[in-house]
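Every chain is numbered from 1, with letters handed out A, B, ... down the list of sequences.
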Amino acid sequence: MKNRIPVVLLACGSFNPITNMHLRLFEVARDHLHQTGMYQVIEGIISPVNDSYGKKDLVASHHRVAMAQLALQTSDWIRVDPWESEQAQWIETVKVLRHHRSQLLKSSAQTEDPDPSKTPSASAALPELKLLCGADILKTFQTPNLWKEEHIQEIVEKFGLVCVSRSGHDPKGYILDSPILRQFQHNIHLAREPIQNEISATKIRKALGQGQSVKYLLPDAVITYIRDHGLYNNGSSWKGKGKIS
Amino acid sequence: MDTSGKTEVVLLACGSFNPITNMHLRLFELGKDYMNATGKYRVIKGIISPVGDAYKKKGLIPAHHRIIMAELATKNSHWLEVDTWESLQKEWVETVQVLRHHQEKLATGSCDHPQRSSELDRPGRKRKWDEQKQDASPKKPQEPKPTGVPRVKLLCGADLLESFSVPNLWKTEDITQIVANYGLICVTRAGSDAQKFIYESDVLWRHQNNIHLVDEWITNDISSTKIRRALRRGQSIRYLVPDLVQEYIEKHDLYNSESEERNVGVILAPLQRNVSQNKHSNPTA
């Protein structure tokens, strides 16, 4: 049997908070890559963004990392990596990819033999690290000054993208609209998610701010953590009675 | 917290639950939040009532599996429970009869008296599918006893509402009774046609005050059909159904091409019943 290329999926983002939809991205991407017959996904990594990214309502990274850890307690292949969040300032996605690739290199060099208990069909080759994202990220490549051109190229050329569809976005269109993406489209994998599951963290935060239930949209352990630490509870009360948290 | 004057409500969801998904569970959460936010109601319980095998829907697996999955799904819920009465009947039971059964049960006071809000820990007892004893809780009520008997209301998605117009699927008098005597809580994707549907039906229009449309802003289209399809294709269903349900399905290999072929060529029970009753009844008015 032909050996499959081992792949590690890396997802960057706020994870503010992590939701079932984030977790689904990994499952859908893995199924898609396996379906091609060419890849074997061996690991998934969630990398929450640094606090200095400056996005509105971003709670402290140690919370976001802790919530992701709780969410992944029951996963046997996805883990959280706090490296990006622990840096002194925000770093570009391509640098996060470079960091994790060098980590993979290091751990590969240390391992003499491939672990036989792991995926038997994965070759002893170095795993390929790919950026996992929703189709909306492809669109953000077009936003002026958000990404450096050379970074976009490096991401699609040297790493590769696994892009999970999202309603309202046309990933094929975004690829065709961009010369760089067109050139490396063989390295952009478009995974379809037929089960519409638009659990945006923004809506979750809003629901929490209004005291509404988010059960079954995030793992229970994450909901408990949010409650125990009083996170996301001062959003929309400005309009109302002026509650001070 | 003064609850006197508020009507206590029990949300009842009927359906195949083949299998139960996070979307089904969300319906309850949305329905509860909505009704509680009106200030007029207090939701005290949610009941999942899986349909009996005699419904004869294509791909419907045996009730005992569907019951167990629903129980696993609601294991760590303080207010949701699974009821097996409907599934244990030999013949298929119309939804209005299930509502009636549960309303009568509440009227005779044989269910748990509501105690605390669902936010707090309540070591309640859930009836397992193989025990059907009535549970008389020894705990004293923590709040002043609210007025009247709790009211059962049918909780559903827009698909059920719109199925009212499928010929012979529902008896007209059943639909009337459901909206007149019980009430509907319909969770729909924001901007759906539910309002238009109500407008176009005289019966629904007349009882619109008893039909509550709840907007689902966080679209969550996890249909059981799609879950079964994903399973046949070896695709992951993690994070779409509770972990325990996913493990149970995997362990028992519940859904495959064979299971999907169950009841192929068999007429759905309500269609069978309503068509034959129409044939035999006197065609007056």
Side-chain angles (χ1 to χ4, degrees), chain A residues 18-35 37 41 44 71-78 164 166-168 191-224 227 236 240, chain B residues 20-37 43 46 73-80 117-121 187 189-190 214-247:
Chain A
I18 191 165
T19 70
N20 284 346
M21 190 187 73
H22 294 128
L23 300 163
R24 273 304 289 164
L25 289 185
F26 281 89
E27 299 288 314
V28 171
R30 181 169 71 158
D31 282 346
H32 175 86
L33 290 178
H34 286 181
Q35 185 82 17
V41 177
L72 295 170
Q73 261 170 1
T74 55
S75 175
D76 61 356
W77 68 285
I78 312 169
V164 179
R166 214 168 166 182
S167 77
R192 271 206 72 227
E193 162 70 296
I195 299 174
Q196 223 193 347
N197 202 16
E198 299 292 312
I199 309 176
S200 84
T202 307
K203 288 180 181 165
I204 296 288
R205 294 195 300 273
K206 182 164 178 225
L208 286 166
Q210 293 173 347
Q212 289 162 355
S213 164
V214 294
K215 200 166 159 79
Y216 312 114
L217 299 174
L218 339 175
D220 282 345
V222 177
I223 299 175
T224 306
R227 188 176 303 152
S236 62
Chain B
I20 193 166
T21 71
N22 284 347
M23 186 189 73
H24 294 127
L25 299 161
R26 276 301 293 161
L27 291 188
F28 280 95
E29 298 291 309
L30 288 162
K32 177 166 74 127
D33 278 350
Y34 177 89
M35 294 300 275
N36 286 349
V43 176
T74 53
K75 202 168 154 179
N76 56 14
S77 171
H78 304 301
W79 68 291
L80 292 183
S117 92
S118 58
E119 296 300 303
L120 308 169
D121 256 358
V187 178
R189 201 165 315 148
V214 182
D215 277 331
E216 177 195 28
W217 293 106
I218 299 176
T219 311
N220 201 16
D221 212 1
I222 309 175
S223 80
S224 300
T225 306
K226 290 183 177 170
I227 295 290
R228 298 196 304 274
R229 184 176 296 135
L231 288 163
R232 290 198 299 277
R233 297 175 183 181
Q235 290 168 342
S236 164
I237 59 167
R238 285 216 70 189
Y239 313 114
L240 299 175
V241 303
D243 284 349
L244 291 173
V245 174
Q246 186 264 323
E247 284 161 23

Would you call B:Asn76 and A:Lys215 a side-chain contact if the rule is heavy atoms closer than 4.5 Å?
yes
Which bit of A:Thr19 is near chain B, if near means a heavy-atom gap under 4.5 Å: side chain, backbone, both or neither?
neither
Taking side chain as everything from C-beta outward and backbone as N, CA, C, O, which of these in B:Leu30 sits under 4.5 Å from a heavy atom of chain A? Side chain, backbone, both or neither.
neither
Let me confirm one number: the CD-OH distance from A:Glu27 to B:Tyr239, rounded to the nearest 0.5 Å.
5.5 Å
Contact class of A:Asp31 relative to chain B, heavy atoms under 4.5 angstrom
side chain
Residues forming a salt bridge (charged side-chain N to carboxylate O under 4.0 Å, His left out) with A:Arg192, sequence neighbours excluded:
none
Is there any side-chain hydrogen bond (donor to acceptor under 3.5 Å, both in side chains) pair reaching into residues 222-231 of chain B, and which pairs are they, with sequence neighbours excluded?
B:Arg228-B:Glu260
Heavy-atom distance under 4.5 Å between the side chains of B:Leu240 and A:Arg24, does that happen here?
yes
OG1 of B:Thr219 to CD1 of A:Ile195: how many Å apart, nearest 0.5 Å?
14.0 Å
First locate atom CG of B:Asn36, then atom CD of A:Gln212, and finally report the distance between them rounded to the nearest 0.5 Å.
11.5 Å
Drop me the distance from B:Arg238's CZ to A:Ile78's CD1, to the nearest 0.5 angstrom.
7.5 Å
When rounded to the nearest 0.5 angstrom, what is the spacing between CD in A:Gln196 and CZ in B:Arg189?
6.0 Å
Is the number of heavy atoms from other residues, nucleotides or ligands within 6.0 Å of CH2 (B:Trp217) greater than 12?
no
At what distance, to the nearest 0.5 angstrom, does CD of B:Gln235 lie from NE2 of A:His32?
11.0 Å
